[in-house]
Amino acid sequence: MSARIEALLKRMTLAEKLGQLSMSAAHDAITGPTEAHDLAQAVRQGTVGSLLNLTGRERTRALQRLAVEESRLRIPLLIGLDVLHGYRTLFPIPLAEAGAFDEALWERTAREAAIEAAADGIALTFAPMLDVARDPRWGRIAESPGEDPWLAARYARAKVRGFQGAELAAADAIAACAKHFCAYGAVCAGRDYAPVDVSERTLHEVHLPAFAAAVEAGVASIMPAFVDVAGVPMTAHRRLLRGWLRDEQGFDGVLISDYHAIAELLRHGVAADLAAAATLALKAGVDIDMMSPAYREGLPVALERGHVTMDEIDAAVRRVLTLKERLGLFDDPYRRGAAPEDAGAIARRRRLAREIATRSVVLLKNARAALPLGAAVRRLCVLGPLADAAAEMGGCWAAAGRREASVSLLEGLRAALPQAELRHAAGVAIDGDDRRGIAAAVALCAGADAILLCLGEAAEMSGEAASRACPELPGEQRALAEAVLEQARANDTPVIAILFSGRPLIVPWLAERADALLAAWFPGTEAGHALADLLTGRVSPSGRTPVTWPRAVGQIPIFFGQRPSGRPADANDRYTSRYLDVPNEPLFPFGHGLGYGRFEYSNLRVTPAIVGARDTIRVCVDLANTGAHAAEETVFLFVRHEVARVARPLLELKGYARIALEPGARGTAQLSLPAAELRYPGPDLVPVFEPGAVEILVGPCADRARLLVGGVRLRA
Ligand code: GLC
């Protein structure tokens, strides 16, 4: 207990207490329905204790000064923002960054984002987003670390460490907020905010592990999801918030509602009025009411009705004030934003943005060695609506990002290939039905050495409130692509298609016909330079897709961690689990990604053969780069329990290692797996270490046909 906080609590009026439990939005970034209100007055009166969507050093300092110099109790403000993948300098969207499979890099980008945001007076970020996502129709897959819970847990740990640093009170540390607790990625039909209905087992095996990892890493705050899970809105989910999160996991930080979510308990149909909604949320353990009047207006009524106690309110206020104290805001409310950053810091950050962008782009196909572009390339067609679209490169959660500062692909190529003739035409818009520009674009192809076809989504077509029932290329882009492909085939010109998107797109026809295909996702501020590095071969692609790419929307949800069927697919047997019209296999499996090398695996060794719960399994595999270029390979380790009391997934990801090899070189990838990680939620959901045979599978992606298989036997 802090004496300062206890003394404050004794002096606070109810209105001031409820002010500390209320977060209001400025309008420097718009992330939900806005309302006109006098923020400055509310801060002076102490009826708002934290803000979001306020940016810029001068603006944050001005409002902080009102709080600490003009309000009655001088309690500093907590200023938050969605710094998901960079503040002003934008890194690739989280789905892209996850594909780097590099915890150290994930931590570095979070650290740099924290430094940049804190320099503007920001002390809290609503990140990392940890929703396991397996449905590309859902726009927020763009913000997620992908489909795998094991990977999401490691991403969680790295991001919390990166944002919060070693000491939360440091001037360059910001509080992280793990969101959206939980199972938000399983919305019905991929439609944002729709109900979620998953089994307790799926909760424990898929949606909770990343949050357990965030708590273990010391995350300062957590945000419940908008959605209900099996009929109980997460904002009022007492069993999961107080029971699992606080009591079982020991989370003692601050729970911040999502935007207006407490008031929306009325629309969920679980509260008749604001007082009832506020009661449900407070008793569930939610401390801060973001952008709703429920706590400010509803809790006084709930108190009068005897539905909540002042002790319950004080407990929430105490947690909020404790977070402010841990951030050092009482000691020095101006510590963050004390001075503008120097040019060196900004240059360092842009170099990192370029590095992570080159590591996030996924080379999905490279036939006829279309890539890298040879040094002799002279005439290059750069076609499509995303070729010179700097403002789209920041993706869907650019919050305070400087979209205009991003480098487009065309600009990056101009800088990298000054000697080349770059012929550019958008051809069509990203969306819309206007095909009139296609002919002119096709006309540029004659005599070209190669054609870059830059296609995909606008930034706002993914992210929040951006679900798409048909996640294909929007507008008339397919018409453009087919006309260009037709012309290119006639001239035998290689076509390299580059997809900019916040989700895997359903493009089997493009994968079939383009010579090379890259998933650029949204690469951030340094998009153009990073892509030019990869296309010219200065850097070999090493990104891997952290989500499975469906061949057809009807396959969704499609992910590698499926449980087996009693009638697994068999093309020779009608009565098996398969479609009549589409193969079961995805277009590209989880983990798929090519480089400019060619890696061959051999000689898998797994020791020891018999394993107890406290042992560590050692896995080694030899690799040879038989290609003509240096490249880096990501080697995945999967496991499969052959027999267990509960049916286990066909593959579970339990490790990865990266190995870089020069052409012709050989090497050995070494992975270690604590046997304790082979525990799984038993029949009663209590983790069990179950004796029996476990396959150890190693290879380049979640395609069993491409994995080397070894095994261990677990003993009691
Ligand atoms: C939004 C999002 C959430 C974000 C919050 C504040 O509605 O759901 O992810 O952190 O509001 O911007």
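Both counts, for ligands and for their atoms, begin at 1 and track the order of listing. On a predicted model such as this, the values are computed, not experimentally measured, just so you know.
Between E341 and R88, every side-chain heavy-atom pair lies at or beyond the 4.5 Å cut-off.
For ligand 1, the atoms lying closer than 4.0 Å to a non-hydrogen atom of L52 are 6 (C), 12 (O). Each of the atoms 7 (O), 8 (O) of ligand 1 lies under 4.0 Å from some heavy atom of F226. Those atoms of ligand 1 with a heavy atom of T31 less than 4.0 angstrom away are 1 (C), 6 (C), 7 (O), 11 (O), 12 (O). Contact atoms of ligand 1 toward M223: 10 (O) (distance under 4.0 Å to a heavy atom of the residue). Against a heavy-atom cut-off of under 4.0 Å, Y259 is close to the following atoms of ligand 1: 7 (O), 11 (O).
Distances from atom 4 (C) of ligand 1 to the heavy atoms of N53, D82, I30 show the closest one on D82.
A salt bridge links R359 and D102; the closest N-O separation between the charged side-chain nitrogens and carboxylate oxygens is under 4.0 Å.
Among protein heavy atoms, atom 1 (C) of ligand 1 sits closest to E464 OE1, 3.1 Å. The protein non-hydrogen atom at the shortest distance from atom 5 (C) of ligand 1 is D258 OD1, 3.4 Å.
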Begin with the C-alpha distance, continue with both residues' side-chain angles, and end with the deciding distance and a verdict on salt bridge (Lys or Arg N to Asp or Glu O under 4.0 Å) for D120 and R59.
CA-CA 9 Å; D120 254 13; R59 287 173 56 72; over 6 Å; no

R157 and E103: salt bridge (Lys or Arg N to Asp or Glu O under 4.0 Å), yes or no, with the steps?
CA-CA 8 Å; R157 197 170 55 193; E103 289 175 53; 3.1 Å; yes

Residue pair T89, E112: steps toward the side-chain hydrogen bond (donor to acceptor under 3.5 Å, both in side chains) verdict:
CA-CA 9 Å; T89 306; E112 277 296 339; over 6 Å; no

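Only the side chain of R140 comes within 4.0 Å of ligand 1, counting heavy atoms alone; its backbone N, CA, C and O stay farther away. Using a 4.0 Å cut-off between heavy atoms, H180 contacts ligand 1 through its side chain alone, with no backbone atom that close.
By the 3.5 Å distance cut-off applied to N or O atoms, W397 is not counted among the residues near ligand 1.
Shown are M223, E464, M234, M291; of these, the side chain to side chain contact (heavy atoms under 4.5 Å, CB included) with D258 is made only by M223.
Here the closest non-hydrogen pair linking V254 and D287 is CA-OD2, 3.4 Å.
Within a 6.0 Å radius of CZ in R318, more than 12 heavy atoms belonging to other residues, nucleotides or ligands are found.
Using 4.0 Å as the threshold, E143 has no heavy atom nearer than that to any atom of ligand 1.
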